[in-house]
J.: 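This structure is in structure tokens; I'll ask about it shortly.
Basis for what follows: all heavy atoms, side chains included, without hydrogens, waters or symmetry-related copies. All values reported here derive from a predicted model rather than from experimental measurement.
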Amino acid sequence: MMSNQIQEAQDLYTVMKERHSVRSYDPSVRISREELTEILELASTAPSSSNLQPWRFLVIDDEAKKQELVPIAYNQKHVAEAAAVIAVLGDLESYKQTEKIYSKSVEAGSLTEEAKKAIVERTVSMYGSLPKDKLHNINLLDAGLVSMQLMLVAKAKGYDTVPMGGFDADQLKAAYDLPDTLVPAVLIAIGKAAAPGRFTARLSVEDTTYWNSVK
């Protein structure tokens with residue numbers, strides 16, 4: 001068992017080290033919706049505030065739609081080249097799914113009905129009273145968590161990705177008729193690299209880490 005765990009850890013380390021942002025894709029490569037769905041399912045095991053899973057995915061895999069997305073993404077050509085672009089959105093009303101989420105925990109035997117009711121009541125009351133900017137900030141953190149996991153899953157399956165914060169959120173909302181409750185967080189292009197991602201240097205842990213005090 002320990003040997004298998006070590007091998008799995010080594011595979012994860014390899015994926016983490018080999019993942020690079022790719023900005024040139026083979027436009028002939030397609031990814032089936034079945035496989036994209038599997039990637040999204042695995043990515044969605046990411047943690048989130050109160051387990052509300054506020055991420056929503058707008059998958060753009062139609063060729064014409066990807067072309068329409070290019071100017072919205074400030075003319076980044078890889079938007080059209082990639083097999084798909086996944087817009088990660090934050091749902092400002094994700095707390096309305098609390099009952100559905102925690103009912104599954106009751107079905108799994110990890111929560112009693114009484115405990116579920118208390119959690120649902122507390123969660124809906126708390127999140128429902130928060131201002132939109134506070135909810136958005138919470139959603140941005142959760143969007144980052146699910147996005148990183150999505151990119152690692154994609155790499156493990158042999159695909160490449162690049163996250164993009166450079167896009168016009170208002171134009172995206174208008175182009176896809178997004179309700180005010182769904183706020184764009186990040187775009188992720190996914191496909192097969194036509195050219196490898198360039199080396200990007202990282203600061204050392206000594207440059208970024210403090211122990212017990214910042215002094």
J.: Apply side-chain hydrogen bond (donor to acceptor under 3.5 Å, both in side chains) to N137 and list each qualifying residue two or more places apart in sequence or on a separate chain.
T.: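 N137 satisfies side-chain hydrogen bond (donor to acceptor under 3.5 Å, both in side chains) with no residue once adjacent residues are dropped.
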
J.: Nearest 0.5 Å, please: how far is CG in L187 from CD1 in I190?
T.: 13.5 Å

J.: Quick check on the hydrophobic clustering: are W55 and L42 connected, directly or via other members, by side-chain heavy-atom contacts under 4.5 Å?
T.: yes

J.: For a quick test of reading the model, state the closest non-hydrogen atom pair linking N139 to G90 and the distance between them.
T.: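 Taking every non-hydrogen atom into account, ND2-C, 3.6 Å.
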
J.: For F167 and A73, work out which heavy atoms get closest and say how close.
T.: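 Looking at all heavy atoms of both residues, the closest pair is CB-CA, 3.9 Å.
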
J.: Apply salt bridge (charged side-chain N to carboxylate O under 4.0 Å, His left out) to residues K116 and E99 and explain how you reach the verdict.
T.: CA-CA 8 Å; K116 182 209 74 173; E99 174 76 30; 2.6 Å; yes

J.: Side chain to side chain contact (heavy atoms under 4.5 Å, CB included) between V153 and L150: does it pass, once the steps are laid out?
T.: CA-CA 5 Å; V153 171; L150 189 158; 5.8 Å; no

J.: Would Q149 and T45 count as having a side-chain donor-acceptor pair, cut-off 3.5 Å?
T.: yes

J.: Using a 6.0 Å cut-off, check whether atom NZ of K173 has over 12 heavy atoms from anything other than its own residue.
T.: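 More than 12 within 6.0 Å, yes.
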
J.: I'd like to check V120 versus Y95 (side-chain heavy atoms, cut-off strictly below 4.5 Å). Are they in contact?
T.: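 A side-chain contact under 4.5 Å is absent here.
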
J.: Please report the C-alpha distance between E93 and K96 in whole Å, then the side-chain angles of each, then the deciding distance to 0.1 Å, and finally whether the salt bridge (charged side-chain N to carboxylate O under 4.0 Å, His left out) criterion is met.
T.: CA-CA 6 Å; E93 294 185 344; K96 292 184 177 180; 3.2 Å; yes

J.: Are V186 and V59 joined in one hydrophobic group, where the rule is that I, L, V, M, F, W and Y side chains link up if heavy atoms are under 4.5 Å apart?
T.: yes

J.: Could you state the interatomic distance from CD1 (I101) to OG (S94), rounded to the nearest 0.5 Å?
T.: 7.5 Å

J.: Between atom CD of Q97 and atom OG of S103, what is the distance when rounded to the nearest 0.5 Å?
T.: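 Result: 11.0 Å between the selected atoms.
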
J.: To the nearest 0.5 Å, what is the distance between CG on D91 and CG on D142?
T.: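 Nearest 0.5 Å value for the CG-CG distance: 11.5 Å.
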
J.: Can you check whether S21 reaches R198 side chain to side chain, under 4.5 Å on heavy atoms?
T.: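 Heavy-atom side-chain distance check fails, nothing below 4.5 Å.
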
J.: So, taking the atom named CD1 in I39 and the one named CG in L152, what distance separates them when rounded to the nearest 0.5 Å?
T.: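 Going from CD1 on I39 over to CG on L152, the span is 12.0 Å.
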
J.: Under 4.5 Å between any side-chain heavy atoms of M151 and R19, yes or no?
T.: yes

J.: Would you find more than 12 non-hydrogen atoms of other residues, nucleotides or ligands less than 6.0 Å from E113 atom CD?
T.: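 Atom CD in E113 is crowded, with more than 12 foreign heavy atoms closer than 6.0 Å.
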
J.: Return yes if a side-chain donor-acceptor contact under 3.5 Å exists between E18 and T14, otherwise no.
T.: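 Absent: no donor and acceptor within the cut-off.
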
J.: Just wondering, do L69 and L172 contact through their side chains at under 4.5 Å, heavy atoms?
T.: yes

J.: Same hydrophobic cluster for L140 and L145, using side-chain heavy-atom links shorter than 4.5 Å among ILVMFWY?
T.: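 Hydrophobic grouping puts L140 apart from L145.
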
J.: For residues L58 and Y176, determine if any side-chain heavy atom of one lies less than 4.5 Å from a side-chain heavy atom of the other.
T.: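 Yes, at least one pair of side-chain atoms sits under 4.5 Å.
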
J.: Counting only heavy atoms not in K132, do more than 12 sit closer than 6.0 Å to its NZ atom?
T.: no

J.: Which is it for S44 and Q53 under the side chain to side chain contact (heavy atoms under 4.5 Å, CB included) test, yes or no, and what are the steps along the way?
T.: CA-CA 8 Å; S44 296; Q53 304 153 59; 5.8 Å; no

J.: For S49 and I138, which heavy atoms make the closest approach, and how far apart are they?
T.: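 Residues S49 and I138, closest heavy atoms: CB-CG2, 3.6 Å.
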
J.: Please say yes or no: joined through hydrophobic side-chain contacts below 4.5 Å, possibly via intermediate residues, are L89 and I72 part of one cluster?
T.: yes

J.: Could you tell me which residues satisfy side-chain hydrogen bond (donor to acceptor under 3.5 Å, both in side chains) with R202, sequence neighbours excluded, listed by chain and number?
T.: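 For R202 the side-chain hydrogen bond (donor to acceptor under 3.5 Å, both in side chains) partners, ignoring immediate neighbours, are T200.
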
J.: Would you check if the side chain of S213 reaches a backbone N or O of K215 as a donor-acceptor pair within less than 3.5 Å?
T.: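 Indeed, once roles are kept as given, a pair shorter than 3.5 Å links the two residues.
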
J.: List the atom of L178, the atom of P184, and the distance in Å for their closest heavy-atom pair.
T.: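 Nearest heavy atoms, L178 then P184: CD1-CG, 4.1 Å.
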
J.: Between A43 and V146, which heavy-atom pair has the shortest distance, and what is it?
T.: O-CG2, 3.4 Å

J.: Please test S28 against K192 for side chain to side chain contact (heavy atoms under 4.5 Å, CB included), starting from the C-alpha separation and ending with a verdict.
T.: CA-CA 9 Å; S28 69; K192 284 278 191 177; over 6 Å; no

J.: Heavy-atom count around R30 CZ within 6.0 Å, excluding the residue itself: above 12?
T.: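 Yes, the 6.0 Å shell around CZ holds more than 12 heavy atoms from other groups.
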
J.: Is V183 reachable from L141 through a run of hydrophobic residues whose side-chain heavy atoms are each under 4.5 Å from the next?
T.: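 Different clusters.
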
J.: With the side chain counted from C-beta on, respond yes when L92 and H136 share a heavy-atom pair under 4.5 Å apart, and no when they do not.
T.: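 Sidechains of H136 and L92: in contact.
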
J.: Looking only at non-hydrogen atoms, find the nearest pair between Y25 and A194 and report the distance.
T.: C-CB, 3.5 Å

J.: With heavy-atom distances below 4.5 Å as the criterion, would you say the side chains of L40 and I86 are in contact?
T.: yes

J.: Could you go through T98 and E121, starting from their C-alpha distance and side-chain angles, then the distance that decides it, and tell me whether this counts as side chain to side chain contact (heavy atoms under 4.5 Å, CB included)?
T.: CA-CA 9 Å; T98 307; E121 181 177 348; over 6 Å; no

J.: Quick one, T37 and E41 - any side-chain contact, counting heavy atoms below 4.5 Å?
T.: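 They are in side-chain contact.
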
J.: Under 3.5 Å, which donor-acceptor pairs link side chains of residues 155-163 to any protein atom two or more places apart or in another chain?
T.:
{"residue": "K155", "atom": "NZ", "partner": "D160", "partner atom": "OD1", "Å": "3.0"}
{"residue": "K157", "atom": "NZ", "partner": "E35", "partner atom": "OE2", "Å": "3.4"}
{"residue": "K157", "atom": "NZ", "partner": "E38", "partner atom": "OE1", "Å": "3.2"}
{"residue": "Y159", "atom": "OH", "partner": "E35", "partner atom": "OE1", "Å": "2.7"}
{"residue": "D160", "atom": "OD2", "partner": "A193", "partner atom": "N", "Å": "3.1"}

J.: Quick check for you: to the nearest 0.5 Å, what is the distance between K66 atom NZ and I60 atom CD1?
T.: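 Reported to 0.5 Å precision, the distance equals 10.0 Å.
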
J.: Classify the side-chain pair D207/S204 by whether it contains a donor and acceptor separated by less than 3.5 Å.
T.: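 Yes, because at least one side-chain N or O of D207 sits under 3.5 Å from a partner of the opposite role on S204.
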
J.: In this structure, are over 12 heavy atoms from other groups packed under 6.0 Å from M126 atom CE?
T.: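 Atom CE in M126 is packed in, count exceeds 12.
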
